[in-house]
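Notes follow once the structure below has been shown.
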Amino acid sequence: MKHSFIFSSNSIKLSWKNWVIVAALLSVIFCFIPRLWSILEKFDTPRDYRLPYILSNDYWLFNRWCKRASVQYPIFIMGDSVIWGQYVKREDTLSHYLNELAGKGISANMGVDGIHPAAMAGLVKYYGKPISNKGVILHLNPLWMSSKKHDLRGEEEFRFNHPRLVPLLFPRLACYRPSLTERIGILAERSTPFFSWINHIKMNYFDNMAIQNWTIQNPYKNPLKAITLKTPIPENKPKSKPITWFERGMRRQDFPWVKIEESFQWSSFKKMIKILNSRNNKVFVLLGPFNPYILTEESLNRYNIMRSRMERWFRENAISYYSVPDLPSKYYADASHTLKEGYSKIAEELLKNESFQKWLESLKEESKNER
Amino acid sequence: MLFHTWHFLIFFLIVYLIYLPLRKTKFWLHWLLVASYFFYGWWNPLYLLLIVYSTALDYFVVLWMERSPKKKFWLTISITNNLLLLGFFKYGDFVTTNLNILLFRLGVPFTIPAPGVLLPVGISFYTFQSMSYTIDFYRGNIKREPSFIRFATFVSLFSQLVAGPIERARNLLPQLTGRPKIFKENITDGLSLFFVGLFKKVALADYLALYVDKVYAAPALFDGLSLILATFAFGWQIYFDFSGYTDMARGTARMLGFNLMLNFNNPYLADSLGDFWKRWHISLSTWFKDYVYIPLGGNRRGKFNTYKNMFLTMVISGLWHGAAWTFVIWGFLHAVGRFLTRELERTEFYVERVPKLVKQLFTFTFVTFTWIFFRAESLGDATLIIKRVFTTGLKDPNLPLLMLVLIFSIWLYQFLYESRVKSFLKLVPVRVGVILFILLYLIMFTTSGDEAFIYFQF
């Protein structure tokens, strides 16, 4: 029996050929819009540039900064807000002091606020592809291994930084339970720059909101006018008040610390080194700084054991590293961040460090060979 | 499992990929039934007991009706059973609450315990669909369906199970007989319908809900203009929500090789209330016409009886939508409106002199006004909203301009569709452009919320 079919109350009916046209146009848009955007959108990266703090979750911009920095700098300094410079201006960061002492711009500040090793491994894997044939100073902040919770091995679900970068399925993280919709969104974002570009648009122009929610907050603003085609230059001031940890009223902590053999953050860090090495980068690990004065005696003992095990692993695997020695108490702003004096001191000591010098030499050699 | 979620997409892909080769074998119907029951059981596996019971009873009622001279008796069993199911699950709390209020006012020291059961999703839809089969058989309009599997698939087909369209046995059952034929058009049409529906739901209805929910959650905090605009927005929200769902239902069914009936036909272009009901939730209004209005006598016994029947049908239709006085009043208002305008529409002045656009705006305004009762949380809220509309000022409503732009763009599209420039909308660049816009808008601007469809609650 033949059944008549009233299509709809509109004319939006496409044939096979029409759908092919739609698919082709969508593919073109997917491929070229993010690239075109990189040309159209103003992106100033002045000296000692660091990503705007409010755009810490904008991985498309991170990728763009990677591409830009890979042309300008031979060395990338990667890490969390310690590298970014939470308590200092951008001319007081570690990358700045290294550049100053070297007499030229050798290193780029690739610090991202709140990025723990598990997330940084994801960041490098999915958005850090331009980092290849470079020298990478990889900062390891031991704070991420100070407890099971920081190590993302807690059983209870909780909100942590950069969830869109951690593994979605393996290993299974009990503390991270995204919905199926979220998982698919994350997968799409990791695999297609178009989707991370959409996030960039939301973060950069719409206060990190979907445009619909943004219009509820700004009912009479034209969303198109909000797109100014400019990436904000980060304000050149410390994100947090630059005072010492004791002026801040911080008390001694009894961090339990985790065993590195069981640590998820540590295994993620090792994975990240592997990824960077596979892209022909030369990795140098910067272990610390960490404020020993903030720890109770027992906690400090446990921390030292953990640190020595990490150092042993670096030695055993022929990975150049520098374990930041204890700085004067007044140089620390909290458990892991230092004030500008701290960065200056670390840069100074680092340049004197034999292992670092050798690593620099090997970079120069490689660079010569390439030429 | 909502149509606009990834769960459904994955479910549909699996079902479809197995269905395509299976449709050439005798097991395709079994597969469709399993898929439909899985889809329904996803909400709550216990619901399956209810749908299987309802299906089995109506199947056997018709079997007994065929074999017995007491046809009316078996029909009464079917109707009573379906109405009792609906009554218990949907109206149980409403009836007991109202009875308890009455008992309290009469000073009777007794409280009837409320059933307190959860309303099974889609019960209003599949019971009506199943009932139409028994009534049509009783009337001799259709033959008995010998296969239980086929009948069960007719009642539970996942595309239209939870919110319609309420299909008639004479339309859908024959399509389930014989192996389904799937041509290229089934897939292309299905995709077009699905994406348009998805856009209506996710990009429009859920967006409008952001404003409507805020205002209707606390109407006392908002002034007249905000309340008017929220009601206006709700009128479009419910249209986009329900017609979006229907489009997706029709789209998936089309891909499976079935043609479901048109349920919405640009209702806000209606130039009278009668016309509105021919365009809005067509499967329900024709159901009420065929199984309530006409059996009551329709327009056969004079003006008074015609209006009485119309009135009863509208009030019952209101009550079908929800167990609350606000829905009864909504139906009542439509009945009154229909009563008043039917006479007006017959005057020469109205027919000849009043421009169509004015009639359309008049109808739209009336329908929008009645939505206040449909949307308000309570009767108190509804009266408060009407009072505030007329007594408070016109403070800045903070309605996003983008919402208005989207609503008026769609309205304009519909006007064009029903005008002489319709052929312009059929041009390939226009159609391709619209779909491209829809897809990009969905990808770029919508959130990944899993807002349920409004009509699921009915």
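The model shown is predicted, which means the values in this text are computed figures rather than measured ones. Sequence lines set the chain letters: A, B, ... in the order given, protein chains first and strands last, and positions in each chain run from 1.
Close approach to chain A, defined as a heavy atom under 4.5 Å from one of its heavy atoms, is seen in Y413(B), Y417(B) of residues 408-420 of chain B, taken by number. Near-neighbour residues of residues 52-67 of chain A relative to chain B, defined by a heavy atom under 4.5 Å from a heavy atom of that chain, are none. Contacts between residues 188-197 of chain B and chain A, counted as heavy-atom pairs separated by less than 4.5 Å, involve T188(B), D189(B), L191(B), S192(B), L193(B), F195(B), V196(B).
The most heavy-atom pairs under 4.5 Å with chain B, out of W197(A), F194(A), W16(A), F206(A), come from W16(A). Across I21(A), L26(A), N10(A), the residue that shares the most heavy-atom pairs under 4.5 angstrom with chain B is N10(A). Annotation: maximal heavy-atom pairing with chain A below 4.5 Å, among L210(B), L262(B), V434(B), I187(B), occurs at L210(B).
Counting only residues at least two apart or in different chains, salt bridge (Lys or Arg N to Asp or Glu O under 4.0 Å) contacts with residues 166-181 of chain A are absent.
Using a distance-only test at 3.5 Å, with no hydrogens or angles considered, a donor-acceptor pair links the side chain of R431(B) to the main chain of K13(A).
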Let me see the working for F195(A) and M444(B) under side chain to side chain contact (heavy atoms under 4.5 Å, CB included), right down to the final yes or no. CA-CA 8 Å; F195(A) 292 102; M444(B) 293 177 66; over 6 Å; no
Candidate pair V432(B) and L25(A), rule side chain to side chain contact (heavy atoms under 4.5 Å, CB included), full reasoning: CA-CA 10 Å; V432(B) 168; L25(A) 288 172; 4.2 Å; yes
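I198(A) CD1 to L440(B) CG: the interatomic distance, rounded to the nearest 0.5 Å, is 8.5 Å. Atom CG of L402(B) and atom OH of Y220(A) lie 13.5 Å apart (nearest 0.5 Å). From E185(B), atom CD reaches atom CG of L14(A) across 13.0 Å, with rounding to the nearest 0.5 Å. Between atom CG of residue N266(B) and atom OG of residue S9(A) there is a gap of 4.0 Å, rounded to the nearest 0.5 Å. Note that CG of L180(A) is 4.5 Å distant from CD1 of I10(B), once rounded to the nearest 0.5 Å. Interatomic distance, CG of N398(B) versus OG1 of T215(A), reported as 11.0 Å (0.5 Å rounding).
Residue-environment remark: NZ (K214(B)) exceeds the threshold of 12 foreign heavy atoms within 6.0 Å. For R183(A), the CZ atom is densely surrounded, since the number of other residues' heavy atoms within 6.0 Å is greater than 12. Counted within 6.0 Å of CH2 on W6(B), heavy atoms from surrounding residues, nucleotides or ligands total 12 or fewer; the atom is thus considered open.
The contact between I184(A) and chain B is made entirely by side chain atoms (from C-beta outward), counting heavy-atom distances below 4.5 Å. Residue L439(B) touches chain A through its side chain alone, counting heavy-atom pairs closer than 4.5 Å. With a 4.5 angstrom heavy-atom cutoff, I29(A) touches chain B only via side-chain atoms. For M261(B), no part lies under 4.5 angstrom from a heavy atom of chain A. With a 4.5 angstrom heavy-atom cutoff, D247(B) touches chain A only via side-chain atoms. Using a 4.5 Å cut-off between heavy atoms, Y441(B) touches chain A through its side chain atoms alone. Proximity to chain A (any heavy atom under 4.5 Å) is restricted, for R250(B), to the side chain, taken from C-beta onward.
Residues P219(A) and L401(B) are not in side-chain contact: their nearest non-hydrogen atoms beyond the backbone lie 4.5 Å or more apart.
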